[in-house]
Amino acid sequence: MLQVKKIVGKLLSSNMYLLYEEGIDDCYLIDIGDSSAIAEGLSDGMNVKGVFLTHSHFDHMAGINGLCRMFPECKVYTSECGKDALYSDKKNFSLYHEQSVVYNGDNVKVLHDGDTVALFEDAELYVMATPGHCPSCLTFYTDNYVFTGDSYIPEVPVVTKLPKGNRALAEISKEKILKLSKVREIMAGHDKDNWTSMF
Ligand SMILES: [Zn+2]
């Protein structure tokens, strides 16, 4: 059965989620803001096969090169415009923060609304485009969980003031997420209590 462990990164306290099953070494991540926090959070022998990016703001992807150094085969799943931003510190906004981040690999798999990715024999990850916070936003969900990134953080208004943000789209996306969350637990990109970022 799919297990989920939350790991909070140092960079703007963004949340990452480890998806794994008991007795299986292969595992997956939702977002990678901080690769050292992941290195600490993994058990011995675990192998990160892929990372799913909820969107391309730097606080959700800044650890990507560190992660891919530890796991060179790790696939990076993102949307079409998320892929662009992996290679542009202007588009992922890291240029305007402390340190520029540009992905130095090319193991990218582009996902679209409606896609399904098999994680384990009994667990699939479903992909839903949820633009608004930014155009690259994807929400991922399983039978029991919905990983929203910054498209929806409970009790925090969705940030749409950044370049390419869109309030009307964000509202539509939020409604879709709320529908899913009726029977699933929400795993957001930040927690209300330590949410300090406008990104
Ligand atoms: Zn963001």
Side-chain angles (χ1 to χ4, degrees), residues 4 6-18 28-35 37-38 51-67 76-103 108 110-113 125 127-141 145-178 180-181 186-199:
V4 176
K6 178 166 99 175
I7 298 173
V8 183
K10 285 208 178 76
L11 184 61
L12 305 180
S13 304
S14 65
N15 291 331
M16 300 168 280
Y17 296 95
L18 179 65
Y28 297 87
L29 284 174
I30 306 286
D31 283 344
I32 181 63
D34 178 351
S35 59
I38 291 301
V51 56
F52 294 86
L53 302 179
T54 60
H55 64 301
S56 52
H57 289 161
F58 67 94
D59 51 327
H60 298 266
M61 55 67 82
I64 193 162
N65 292 322
L67 178 72
V76 179
Y77 295 88
T78 183
S79 58
E80 193 72 59
C81 79
K83 182 179 176 181
D84 279 352
L86 287 180
Y87 297 104
S88 162
D89 54 6
K90 244 186 192 173
K91 288 183 181 167
N92 65 41
F93 297 146
S94 61
L95 181 65
Y96 313 106
H97 197 64
E98 288 158 9
Q99 207 175 5
S100 160
V101 181
V102 174
Y103 176 43
V108 179
V110 170
L111 295 174
H112 303 96
D113 187 67
L125 192 71
V127 181
M128 183 168 81
T130 50
H133 174 63
C134 85
S136 75
C137 284
L138 297 176
T139 286
F140 305 107
Y141 61 99
Y145 303 97
V146 50
F147 303 93
T148 60
D150 292 355
S151 293
Y152 178 67
I153 301 171
E155 297 176 65
V156 173
V158 183
V159 173
T160 54
K161 281 185 193 148
L162 291 158
K164 306 237 170 110
N166 183 313
R167 175 148 300 280
L169 288 178
E171 272 307 312
I172 296 169
S173 294
K174 180 179 155 184
E175 289 309 314
K176 287 185 183 170
I177 289 169
L178 288 176
L180 289 176
S181 74
I186 290 180
M187 309 300 237
H190 297 268
D191 292 338
K192 179 183 81 129
D193 300 334
N194 60 12
W195 186 78
T196 55
S197 165
M198 62 182 292
F199 297 101

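Both ligands and their constituent atoms are indexed starting at 1 by order of listing. Computed from a predicted model, the values in this text were never measured in an experiment.
- Side-chain atoms of His55 and Asp150 include a donor-acceptor pair closer than 3.5 Å.
- Residues forming a ring pair (Phe, Tyr, Trp, His ring centres under 6.0 Å) with Tyr96 (at least two apart in sequence, or on another chain): none.
- A search for ring pair (Phe, Tyr, Trp, His ring centres under 6.0 Å) contacts involving Tyr152 returns nothing, not counting sequence neighbours.
- Judged by distance alone, with hydrogens and angles left aside, the side-chain atoms of Ser173 form a donor-acceptor pair with the main-chain N or O of Pro131 at under 3.5 Å.
- Protein atoms that are N, O or S and lie under 2.8 Å from the Zn ion (ligand 1) are these: His55 NE2, His57 ND1, His133 NE2, Asp150 OD2, Phe199 O.
- In this structure, NE2 in His133 is found 9.5 Å from OG1 in Thr160, a value given to the nearest 0.5 Å.
- The side-chain hydrogen bond (donor to acceptor under 3.5 Å, both in side chains) analysis of residues 85-95, with sequence neighbours excluded, yields the pairs Asp89-Ser100, Asn92-Ser94.
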